[in-house]
Visitor: 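Got a structure here, written out as structure tokens. Questions coming.
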Amino acid sequence: MSDRGMSERGMSETFTPQNWRPAPFLPERDERDGSLIFVVAVLCFLACLTAMGVIAANRAAAGWTGQLTGEATVIVRPRGGETPDAAAARAAEALAGTAGVSEARALEASKAYDLIRPWLGDVSDLEDLPVPRLVAVTLDGRHPADAAALKAALAKQGVDATVDDHSIWIKDIRRAGGVVQALGVTIFLLIAAAAAAVVAFATRAGLAARRDVVEVLHLAGAEDGFIARLFQVRFARVAGLAGLIGAGGAAALGVGLRIAGGGGGLTPALPFAWTDILAVIPCPLIAAAVAAAAAQFTATRLIRDMP
Amino acid sequence: MRYGQGPDVLSHLNLALAPGSFHFVTGPSGAGKSSLLKLIYLAARPSKGLVHLFGRDVVHAPASEKPKLRRRIGVVFQDEMLLDHLSVFDNAALPLRIAGRKPADYRNDVAELLTWVGLSQRMDAMPSTLAGGERQRLAIARAVVNRPDILLADEPTGNVDHEMAVRIFRLFVELNRLGTTILIATHDQELIARSGRPVLHLENGRIAPRPAPMPRPAAFGPLS
Ligand SMILES: Nc1ncnc2c1ncn2[C@@H]1O[C@H](COP(=O)(O)OP(=O)(O)OP(=O)(O)O)[C@@H](O)[C@H]1O
Ligand SMILES: [Mg+2]
């Protein structure tokens, strides 16, 4: 190909049958390829970004619920002559001995004051108020105790307390996570479908524009499969290249975000991981496969219409 | 035969070309010369009737066997049908490549043939840079390069000067001598007269003076 290109421009090398190399039956380059590669690369880029986003968002939702399900908060109200701290200590002790609890820790009084200070303002004698104490409970990751079990354990010790196992939050977060995920998957599927459609459409258009090649090869006695394969390889290569560019761009952006986001990923809200970048790998392969299938389909139909 | 839902462009045609024969087909423009050739080189199907080649019905031959049949037929198309992204040499070598031959086995033959048709200086040129007559000569080279059993040429000398026309005719005669059955559609009455070969005259899709029936294997059944 290249030596012929040279001699064609009247370069040093002169043509002889001995230095002739059979040229590909299909032109290697086509002016239409540029726009096809651009559009497919952009769509692949977007599809890869969405895929990585969906994966990261999925992990984020799992992380939030995991943190929340692993913990419960108990609000202890002192009863009778007991001091709040003593009540909290008793509650912590009771909870620690409960099955499904790995740790129960009475928080310092200041933590409780910090929580209510915004509502009361900076009252100087805040410490004199009978403020409930908090007990932070870390649940056993495998078999977490539920709110009822915690309540029962506290009631047994005669502690007046309210158990918050975050179940309301978890439900909300699960729902929000599900919505984000469904949305992400939908967007991803739409973009992927658009990319596939563009690849298929461009392949068909490109093939129709090369009808002359199909016709000449067909009449010269080339097998249908041979002709179809030429187009398959040709368009799979173009689409694969476009997919590679798009996926590469998305991966590069992913690396950038990961580095810029520091240890916690992009932000704590979207914990982007190095492994998420691997999601771009199938992209060029899928693009190439779609193009190959479209080329095969179109070429076979084009040939079948010929006598 | 007909194109789509159009009128019959060939009808009541019954002709047989003996293997190794050499015929011309003439007739006014639109008479159906190209259509007749298309039937034979399997680029068109008759709406009715039969086409026999190499002793067999090729209209109803399974699609999988047609490539093999097509490789035995060389065609000079009226509109050349060269591939513009391939060099002259690549265009000429195309039938050999499709037949699965090795470049080392045929590169010198292709070069020799291109030299014979006067394209030795243009072997690495692109067809778009060729003159009309040069394109036609390339189309001829491609048609004969594989030593086909049947050669069909549609106006092969329409764009070349008389001297080149004679030269090309000699190429056809040489091929015919080696056993190729030849059918040439042309308006070139002088060439026909000088050749002394039999002529089929087509008019309105029918043969005007009926040629003597000849035996198979290259035969056409009645067309309507
Ligand atoms: N692809 C086509 N679609 C529809 N009609 C066609 C097609 N090709 C040829 N025809 C019609 O078929 C008839 C015969 O055409 P054909 O090309 O066989 O004539 P021809 O004898 O080769 O003419 P010429 O000497 O001008 O090449 C004409 O009426 C033409 O209009
Ligand atoms: Mg014609």
Side-chain angles (χ1 to χ4, degrees), chain A residues 1-33 206-207 209-231 234-235 238 299-307, chain B residues 1 38-39 41-46 58-59 63-64 66-75 77 79-91 93-100 102-104 106-112 114-115 120-126 129 142-143 145-146 148:
Chain A
M1 191 68 202
S2 59
D3 33 336
R4 210 193 57 226
M6 291 253 293
S7 53
E8 201 187 311
R9 271 171 236 118
M11 298 279 189
S12 53
E13 204 178 340
T14 49
F15 178 87
T16 67
Q18 261 55 48
N19 62 27
W20 172 75
R21 296 277 172 283
F25 283 121
L26 285 176
E28 303 242 276
R29 302 174 159 279
D30 191 309
E31 59 271 26
R32 276 178 300 268
D33 287 351
L207 210 145
R210 283 283 157 217
R211 204 194 144 84
D212 57 334
V213 181
V214 178
E215 210 166 349
V216 168
L217 294 180
H218 178 68
L219 290 176
E223 311 272 351
D224 296 359
F226 174 83
I227 300 173
R229 223 152 25 244
L230 288 177
F231 285 93
R234 169 75 171 68
F235 285 100
V238 171
T300 308
R301 255 202 350 198
L302 197 64
I303 299 165
R304 203 187 304 137
D305 287 346
M306 295 179 176
Chain B
M1 88 165 253
K38 275 184 197 164
L39 279 181
Y41 62 74
L42 308 180
R45 280 169 165 273
V58 292
V59 176
S64 60
K66 288 190 178 175
K68 291 261 177 331
L69 296 171
R70 289 193 174 98
R71 288 177 201 177
R72 299 175 63 182
I73 306 169
V75 187
F77 303 97
D79 54 354
E80 291 129 13
M81 300 237 286
L82 303 173
L83 295 185
D84 282 330
H85 61 279
L86 293 181
S87 68
V88 166
F89 199 94
D90 275 300
N91 267 285
L94 187 128
L96 297 162
R97 286 177 66 187
I98 287 175
K102 293 206 167 40
Y106 61 71
R107 47 173 36 127
N108 290 325
D109 298 347
V110 173
E112 196 182 321
L114 286 173
T115 304
S120 60
Q121 301 304 311
R122 311 302 312 269
M123 289 199 282
D124 59 340
M126 287 299 175
T129 68
R142 183 181 62 184
V145 75
N146 203 18

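Everything quoted here is computed from the prediction, not taken from an experiment. Proteins get letters first, then strands, A, B, ... in listed order; numbering begins at 1 in each.
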Visitor: I need the A/Phe15 CZ to B/Arg122 CZ distance, nearest 0.5 Å.
Guide: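 Separation between the atoms: 12.5 Å.
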Visitor: Is B/Arg70 salt-bridged to A/Glu223, going by a charged N under 4.0 Å from an acidic O?
Guide: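 No, no charged N to carboxylate O under 4.0 Å.
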Visitor: With a 4.5 Å cut-off on heavy-atom pairs, point out which of A/Glu215, A/Arg304, A/His218 contacts chain B the most.
Guide: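 Of the candidates given, the most pairs with chain B belong to A/His218.
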Visitor: Tell me, for B/Ala43 versus chain A, whether the close heavy atoms (under 4.5 Å) come from the side chain, the backbone, both or neither.
Guide: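 Its backbone and side chain both get close to chain A.
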Visitor: Mind running side-chain contact (heavy atoms from CB on, under 4.5 Å) on A/Thr16 and B/Met123 for me, showing each step along the way?
Guide: CA-CA 8 Å; A/Thr16 67; B/Met123 289 199 282; over 6 Å; no
Visitor: Taking all atoms of both residues into account, what is the closest heavy-atom pair of A/Gly221 and B/Arg71, and its distance?
Guide: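 What the structure gives for the nearest pair is O-NE, 2.7 Å.
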Visitor: Does either side chain, that of A/Trp20 or that of B/Asp124, offer a donor lying less than 3.5 Å from an acceptor on the other one?
Guide: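 Not at all, the side chains of A/Trp20 and B/Asp124 share no donor-acceptor pair under 3.5 Å.
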Visitor: Report the C-alpha distance between B/Phe77 and A/Val216 in whole Å, list the side-chain angles of each, state the deciding distance to 0.1 Å, and finish with yes or no for side-chain contact (heavy atoms from CB on, under 4.5 Å).
Guide: CA-CA 10 Å; B/Phe77 303 97; A/Val216 168; 5.7 Å; no
Visitor: Taking B/Ile73, B/Val110, B/Asn108 one by one, which has the highest count of heavy-atom pairs under 4.5 Å against chain A?
Guide: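 With the most close heavy-atom pairs to chain A, the winner is B/Asn108.
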Visitor: Locate the shortest heavy-atom distance separating A/Pro24 from B/Leu86; write the atom from each residue and the value.
Guide: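 Result for this residue pair: O-CD2, 3.3 Å.
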Visitor: Give me the atom names and distance for the closest heavy-atom approach of B/Ile98 to A/Ala220.
Guide: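 Heavy atoms of B/Ile98 and A/Ala220 come nearest at CD1-CB, 3.6 Å.
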Visitor: Contact part of A/Leu217 toward chain B, heavy-atom cut-off under 4.5 Å: side chain, backbone, both or neither?
Guide: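 For A/Leu217, the contact with chain B is made by backbone and side chain together.
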Visitor: Given that the side chain runs from C-beta out, which part of A/Arg210 has a heavy atom under 4.5 Å from chain B: side chain, backbone, both or neither?
Guide: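 Just the side chain, heavy atoms under 4.5 Å.
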Visitor: Just verifying a value: how many Å separate A/Leu219 CG and B/Lys66 NZ, rounded to the nearest 0.5 Å?
Guide: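 Spacing of CG (A/Leu219) from NZ (B/Lys66) equals 11.5 Å.
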Visitor: Contact part of B/Arg72 toward chain A, heavy-atom cut-off under 4.5 Å: side chain, backbone, both or neither?
Guide: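 Neither part.
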